[in-house]
Amino acid sequence: MKAQLKPRINLEDRTALETVIPLSTPFIVFVDPASSCNFKCTFCPTGHRDMIAETGRYQGAMKYEVFQKVIDDLGEFGEPIKVLRMYKDGEPLLNKRFADMVAYAKKSGYIEYIDTTTNGTFITPERMAPIIAAGIDKINISVDGMNVEQYMKFTGFKFDFPKFVENVKWLYDNRGDCEISIKIPGELITQAQQQEFFDTFGDYADRIFIENFAPCWPEFDIEQHTGVKITKGIYQQEIGNTDTCPYIFYGCSVNADGLVSSCFLDWGRKLIIGDAREQTMKQIWNSDKMNALRLQHLEGRRCENQTCGNCGQLTHCLPDNIDAHRPMLLEKFKRLVALNPDVPAPGGIRMPFPAAAE
């Protein structure tokens with residue numbers, strides 16, 4: 001097998017966040033090219049159309065002009081963004097201008113690295129060649145079964161699995177400098193199929209991994225929707241308790257309509273901190289709402305916020321833990337707010353996150 005047995009994220013050589021927080025420039029910005037998806041996966045909130053309808057969230061592709069503004073805004077930060085993650089709630093390749101978006105972001109000079117995650121439906125030479133040429137750095141491919149029947153059972157989609165395998169092979173052979181990562185949830189396949197997964201894709205990826213289901217989305221009971229009892233973390237690590245979310249200190253997420261969430265897991269749109277169509281990304285990054293949420297976590301009041309309090313990402317998926325450094329970081333954060341006029345002080349610092357996020 002040519003591929004390294006490694007998960008899609010880098011678990012080693014990570015920055016010690018306590019040495020860099022608070023950040024004047026985010027490390028990561030998620031941008032969702034499309035909030036809708038052609039799959040109806042049982043293990044993902046986007047796959048439950050009734051639940052998504054109840055949120056009232058926009059369902060569709062991001063307008064190219066909105067994307068351009070977001071990228072242009074990143075130029076206001078003092079340093080380039082380390083990673084632009086071009087995915088969030090939906091299937092990103094449903095946006096027909098995805099290649100144009102990658103090219104625009106690459107040419108901006110404001111971003112060091114671009115990746116995406118796709119369900120593989122649109123991995124064809126016609127669609128992928130322009131994306132590779134645009135300069136994308138990494139493509140994560142989610143495999144959701146090892147045959148047509150399993151795909152229909154778990155995604156509700158009649159998936160041409162043999163053709164998909166051919167397309168993955170083409171992509172790997174024509175990837176250029178782009179890294180290809182392939183993963184599958186182990187709960188979707190049998191024990192025997194795990195080896196079949198490695199045999200099928202192991203020579204056509206740079207890294208490959210069998211993940212676990214994880215209750216990462218707040219207010220979405222994945223065990224209830226799938227019938228799977230979760231006993232391990234997403235990367236097969238032990239489940240652990242973490243009280244302070246590190247993500248809100250180094251990243252934020254632009255939804256497909258331009259509304260900005262503090263967290264990439266905000267499928268229900270309960271953690272909206274701004275609107276990229278009306279504000280700059282720097283204004284949103286330093287906004288009262290974002291700072292109020294950070295302060296809430298640093299003061300040990302995360303569970304006062306129902307959304308953050310019900311987040312399984314902190315127990316099952318988290319690669320970073322800043323809990324031990326919280327008192328020190330709280331003091332640094334308060335000093336930054338007091339000394340820097342560009343960072344607005346959160347109104348009522350003893351208050352939980354604004355009511356709109358509850």
Side-chain angles (χ1 to χ4, degrees), residues 1-3 5 7-8 33-52 59 61 87 89-96 98 116-129 131-132 139-175 180-214 216-217 220 222-230 234 236:
M1 184 171 76
K2 295 179 182 178
L5 188 62
R8 55 197 151 124
S35 58
S36 54
C37 188
N38 53 332
F39 282 11
K40 296 181 180 179
C41 297
T42 57
F43 47 87
C44 173
T46 301
H48 295 262
R49 304 294 194 258
D50 54 341
M51 296 177 64
I52 296 303
Q59 286 292 94
Y87 64 93
D89 295 317
E91 168 50 45
L93 298 186
L94 282 172
N95 192 313
K96 295 181 180 179
F98 187 88
T116 192
T117 296
T118 174
N119 64 27
T121 309
F122 304 103
I123 295 182
T124 64
E126 295 75 21
R127 288 297 305 276
M128 300 312 297
I131 295 172
I132 296 296
I139 298 172
N140 301 301
I141 304 171
S142 297
V143 179
D144 296 311
M146 289 302 296
N147 53 53
V148 175
E149 292 74 25
Q150 286 178 327
Y151 264 86
M152 180 58 70
K153 177 181 178 180
F154 295 115
T155 73
F157 189 84
K158 190 175 181 181
F159 192 69
D160 189 341
F161 185 76
K163 185 63 175 177
F164 166 65
V165 174
E166 289 182 21
N167 285 334
V168 168
K169 293 179 179 180
W170 179 91
L171 178 62
Y172 181 76
D173 289 339
N174 295 273
R175 71 194 186 283
I180 305 299
S181 174
I182 301 180
K183 57 93 173 176
I184 192 170
E187 293 88 350
L188 299 184
I189 55 178
T190 66
Q191 190 73 30
Q193 284 178 317
Q194 292 190 12
Q195 187 58 52
E196 181 186 353
F197 169 69
F198 291 127
D199 292 342
T200 302
F201 298 106
D203 286 335
Y204 303 99
D206 297 293
R207 60 173 75 188
I208 193 168
F209 203 74
I210 297 177
E211 295 184 354
N212 295 321
F213 280 157
C216 51
W217 290 286
F220 179 78
I222 193 169
E223 290 186 336
Q224 177 185 338
H225 288 292
T226 63
V228 173
K229 181 65 177 177
I230 297 172
I234 190 171
Q236 301 178 8

Can you tell me if [X] uses its side chain to pair, donor with acceptor, with the backbone of [Y] under 3.5 Å?
X      : Y      : value
Arg207 : Pro7   : yes
Glu223 : Ile230 : yes
Thr46  : Asp89  : yes
Gln236 : Ile210 : yes

Quick one, [X] and [Y] - any side-chain contact, counting heavy atoms below 4.5 Å?
X      : Y      : value
Ile139 : Ile132 : yes
Cys37  : Asn119 : yes
Ile180 : Tyr204 : no
Cys216 : Ile234 : no
Phe39  : Tyr151 : yes
Ser181 : Phe209 : no

Approximate separation, where rounding is to 0.5 Å, of Ile123 CD1 and Leu171 CG:
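Ile123 atom CD1 to Leu171 atom CG measures 5.5 Å (nearest 0.5 Å).
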
Mind running side chain to side chain donor-acceptor pair (under 3.5 Å) on Thr155 and Asp144 for me, showing each step along the way?
CA-CA 7 Å; Thr155 73; Asp144 296 311; over 6 Å; no

From the options Asp203, Asp206, Ile182, select the one residue that forms a side-chain contact (heavy atoms from CB on, under 4.5 Å) with Tyr172.
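Single pass found, and it is Asp206.
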
Please name the residue in the list Thr200, Leu188, Thr190 that meets the side-chain contact (heavy atoms from CB on, under 4.5 Å) test with Met146.
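Exactly one candidate clears the test, Thr200.
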
